[in-house]
Chemist: 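Quick one: this structure, given as structure tokens, is what I'll be asking you about.
On a predicted model such as this, the values are computed, not experimentally measured, just so you know.
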Amino acid sequence: MTDEEIARLRHQLTHLPAGNFHFPEIYGPTWDQLYIGDKVKSGHAFMNAVRAGKFPGIIDTGIKKGGGRVYQKIENP
């Protein structure tokens, strides 16, 4: 995941309320235009970045449900 992608996703996360979400919710409208392999690769890169602490206030819940892995945005990181 490039620094530019991380910055774009951080910006998207500022508009998201606290609570659970799936990665496509912050990826943007072009998510549905990606090939399945690109979706898997992007989702995995996001998961790794979250686990590495590149998105403060975002937690990987370890749960997969209703459309993929569930992440959580906490109120005050």
Side-chain angles (χ1 to χ4, degrees):
M1 184 168 279
T2 66
D3 290 341
E4 184 178 302
E5 289 172 310
I6 290 171
R8 183 181 68 79
L9 292 171
R10 282 182 181 159
H11 177 73
Q12 291 293 99
L13 286 164
T14 63
H15 301 292
L16 193 69
N20 293 345
F21 68 95
H22 291 97
F23 178 58
E25 294 175 49
I26 63 161
Y27 185 87
T30 60
W31 177 258
D32 290 330
Q33 298 169 5
L34 295 176
Y35 292 106
I36 186 67
D38 292 334
K39 288 179 180 181
V40 171
K41 187 169 37 167
S42 293
H44 191 71
F46 180 71
M47 178 187 70
N48 287 340
V50 167
R51 290 178 176 178
K54 294 185 180 185
F55 295 96
I58 305 300
I59 299 167
D60 174 8
T61 65
I63 299 169
K64 286 180 132 181
K65 183 178 179 183
R69 185 167 293 278
V70 178
Y71 296 95
Q72 184 178 61
K73 180 179 179 182
I74 57 175
E75 192 71 32
N76 294 313

Chemist: Run through Ile58, Ile59, Val50, Asp60 and flag the one making a side chain to side chain contact (heavy atoms under 4.5 Å, CB included) with Gln72.
Modeler: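 The residue from Ile58, Ile59, Val50, Asp60 that satisfies side chain to side chain contact (heavy atoms under 4.5 Å, CB included) with Gln72 turns out to be Ile59.
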Chemist: How close do Ile26 and Arg8 get, counting heavy atoms only, and between which atoms?
Modeler: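 For Ile26 and Arg8, the tightest heavy-atom pair comes out as O-NH1, 4.2 Å.
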Chemist: Taking all non-hydrogen atoms of both residues, which atom of Lys73 and which atom of Leu13 are closest, and how far apart?
Modeler: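 Looking at all heavy atoms of both residues, the shortest contact is NZ-O, 2.6 Å.
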Chemist: Would a hydrophobic clustering, with Ile, Leu, Val, Met, Phe, Trp and Tyr connected at side-chain separations under 4.5 Å, put Leu9 with Val70?
Modeler: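 No, no single cluster joins them.
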Chemist: So which heavy atom on Ser42 is nearest to which on Trp31, and how close?
Modeler: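 Of all heavy-atom pairs spanning Ser42 and Trp31, the closest is CB-CZ3, 4.3 Å.
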Chemist: Distance check, rounded to the nearest 0.5 Å: Phe55 atom CZ versus Met1 atom CE?
Modeler: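 So the gap between those two atoms works out to 5.5 Å.
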Chemist: Please answer: with hydrophobic residues joined when any side-chain heavy atoms are less than 4.5 Å apart, are Leu16 and Ile63 in the same cluster?
Modeler: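 No, it is not one cluster - the side chains of Leu16 and Ile63 are not joined through contacts under 4.5 Å.
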Chemist: For a quick check under 3.5 Å, do Glu5 and Thr2 share a side-chain donor-acceptor pair by atom type?
Modeler: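 The criterion, which ignores hydrogens and geometry beyond distance, is satisfied for Thr2 and Glu5.
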Chemist: Starting at NZ of Lys39, measure out to OH of Tyr27 and round the result to the nearest 0.5 Å.
Modeler: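 Between atom NZ of Lys39 and atom OH of Tyr27 there are 10.0 Å.
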Chemist: Could you check whether Phe46 and Tyr71 have their ring centres less than 6.0 Å apart?
Modeler: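 Yes, the ring of Tyr71 comes within the 6.0 Å limit of the ring of Phe46, centre to centre.
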Chemist: So how far is it from Gln33 CD to Asp38 CG, rounded to the nearest 0.5 Å?
Modeler: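 Reported value, rounded in 0.5 Å steps: 12.0 Å.
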Chemist: Verify the neighbour count for atom NZ of Lys54: are there more than 12 heavy atoms of other residues, nucleotides or ligands below 6.0 Å?
Modeler: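 No, the 6.0 Å shell around NZ holds no more than 12 heavy atoms from other groups.
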Chemist: Of all the heavy-atom pairs spanning Ala18 and Glu75, show the shortest one and how long it is.
Modeler: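 Residues Ala18 and Glu75, closest heavy atoms: CB-OE1, 3.2 Å.
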Chemist: Can you tell me how far CG of Asn20 sits from CD of Glu25, rounded to the nearest 0.5 angstrom?
Modeler: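 Glu25 atom CD to Asn20 atom CG measures 9.5 Å (nearest 0.5 Å).
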Chemist: What pair of heavy atoms forms the shortest contact from Lys65 to His22, and how long is it?
Modeler: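 Smallest heavy-atom distance, with atoms named: O-NE2, 2.6 Å.
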